[in-house]
Amino acid sequence: MMMIRLAGKSEMHTYRSAMVMIVYGDIGLNPYRPIQPLFEAQVRGSDAGSKLVTVSLKAGHFLLPSYKAKQPFGLIPCLEDADLTVFESRAIARYLAEKYEGQGTPLLGKTLKERAIINQWADSEAQNFQPATGPMVREAFVAAFGIRPVDEEVVAAGMKKLDQVLDVCEAHLAKGTKYLAGDDFSLADLFHTVYMNWMKSARPELLEKRPHLSAWIHDITTRPAFLRCLQLDWENASPIQ
């Protein structure tokens with residue numbers, strides 16, 4: 001298994017704790033979402049021991065009984081932390097944000113009002129943004145693996161939905177807040193980050209008429225914690241058995 005490096009280059013540690021967190025995933029988008037809170041928390045010491053195990057989508061390893069015993073839907077990612085197993089990327093991210101609350105970047109909000117606004121935009125990502133981008137990303141994935149050609153009707157429908165969602169985000173950010181839930185980066189922004197990063201590369205034309213959205217996307221996708229996620233070496237992590 002490959003150790004997730006949580007310290008800077010000059011401070012790297014080898015974590016040998018018996019209670020090591022294991023993140024199961026593969027090269028893709030969703031596995032980055034639950035790992036970023038670890039880097040945002042700037043976790044140090046043996047408690048941060050975290051390892052990657054690859055569940056190869058191309059090889060169909062998500063269908064293995066050993067993995068489906070952890071994630072009954074056969075999706076990635078999945079987290080094991082001692083005797084706790086958590087699946088769904090947002091649930092994992094919330095769990096880690098709560099586990100390391102008070103360390104590094106505050107992601108959850110300090111007051112009831114702040115938490116309500118963060119949860120509002122975090123849920124909006126799952127209910128509005130993801131349903132628009134997810135099918136388009138899936139089409140790109142199946143084409144890249146030679147499964148079948150891109151279904152252009154799916155892409156067109158996704159673009160129509162996405163255009164509406166981005167208009168809402170642009171109007172909201174134009175009111176003067178730096179981030180979705182206020183002036184501080186939070187879980188609401190983190191949930192959007194990896195798919196916004198995909199959109200920035202795959203559909204840059206969507207940013208041309210949305211300057212506030214464009215500035216926000218640049219901010220969240222260049223955070224050191226997210227850039228560390230992109231450097232994770234899934235290909236050289238041990239495969240699930």
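- Remark: the Q42 side chain and the Y100 side chain contain no N/O donor-acceptor pair separated by less than 3.5 Å.
- Counting only heavy atoms from C-beta outward, the side chains of Q36 and P34 never approach each other to under 4.5 Å.
- In terms of heavy atoms, L230 sits closest to N197 at CD1-ND2, 4.2 Å.
- Below 30°, between 30° and 60°, or above 60°: for F185 and Y179 the angle between ring planes is above 60°, a perpendicular geometry.
- The nearest pair of heavy atoms linking L162 to M199 is CD2-SD, 3.8 Å.
- Taken from NZ in K200 to OG1 in T221, the straight-line distance is 3.0 Å, to the nearest 0.5 Å.
- Other residues sharing the hydrophobic cluster of F87, ordered by chain and number and joined by side-chain separations under 4.5 Å: F73, L75.
- Proximity of a side-chain donor or acceptor of E40 to a complementary backbone N or O of T105 within less than 3.5 Å is not detected.
- With 3.5 Å as the limit, one finds a donor-acceptor pair spanning the side chains of D189 and W216.
- Contact detail for G134 and Y195: the closest heavy-atom pair is CA-CE2, 4.5 Å.
- With sequence neighbours left out, the salt bridge (charged side-chain N to carboxylate O under 4.0 Å, His left out) criterion links E205 to R203.
- Side-chain contact of E125 with H192: a donor-acceptor pair under 3.5 Å is absent, judged by distance alone.
- When side chains are defined from C-beta on, W198 counts as touching M136, because their heavy atoms get closer than 4.5 Å.
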(message) Checking D81 against K99 for the salt bridge (Lys or Arg N to Asp or Glu O under 4.0 Å) test, could you report, in this order, the C-alpha distance in whole Å, the side-chain angles of both residues, the deciding distance, and whether it holds?
(response) CA-CA 11 Å; D81 188 7; K99 178 171 181 173; 2.6 Å; yes
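- For the residue pair N119 and R94, a side-chain donor N or O sits within less than 3.5 Å of a side-chain acceptor on the partner.
- The two residues N30 and S89 have their closest heavy-atom pair at O-CB, 3.7 Å.
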(request) Give the intermediate values and the outcome of side chain to side chain contact (heavy atoms under 4.5 Å, CB included) for residues I92 and R33. (result) CA-CA 8 Å; I92 298 169; R33 187 183 286 130; over 6 Å; no
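- For D167, the salt bridge (charged side-chain N to carboxylate O under 4.0 Å, His left out) partners two or more places apart in sequence, or in a different chain, are R210.
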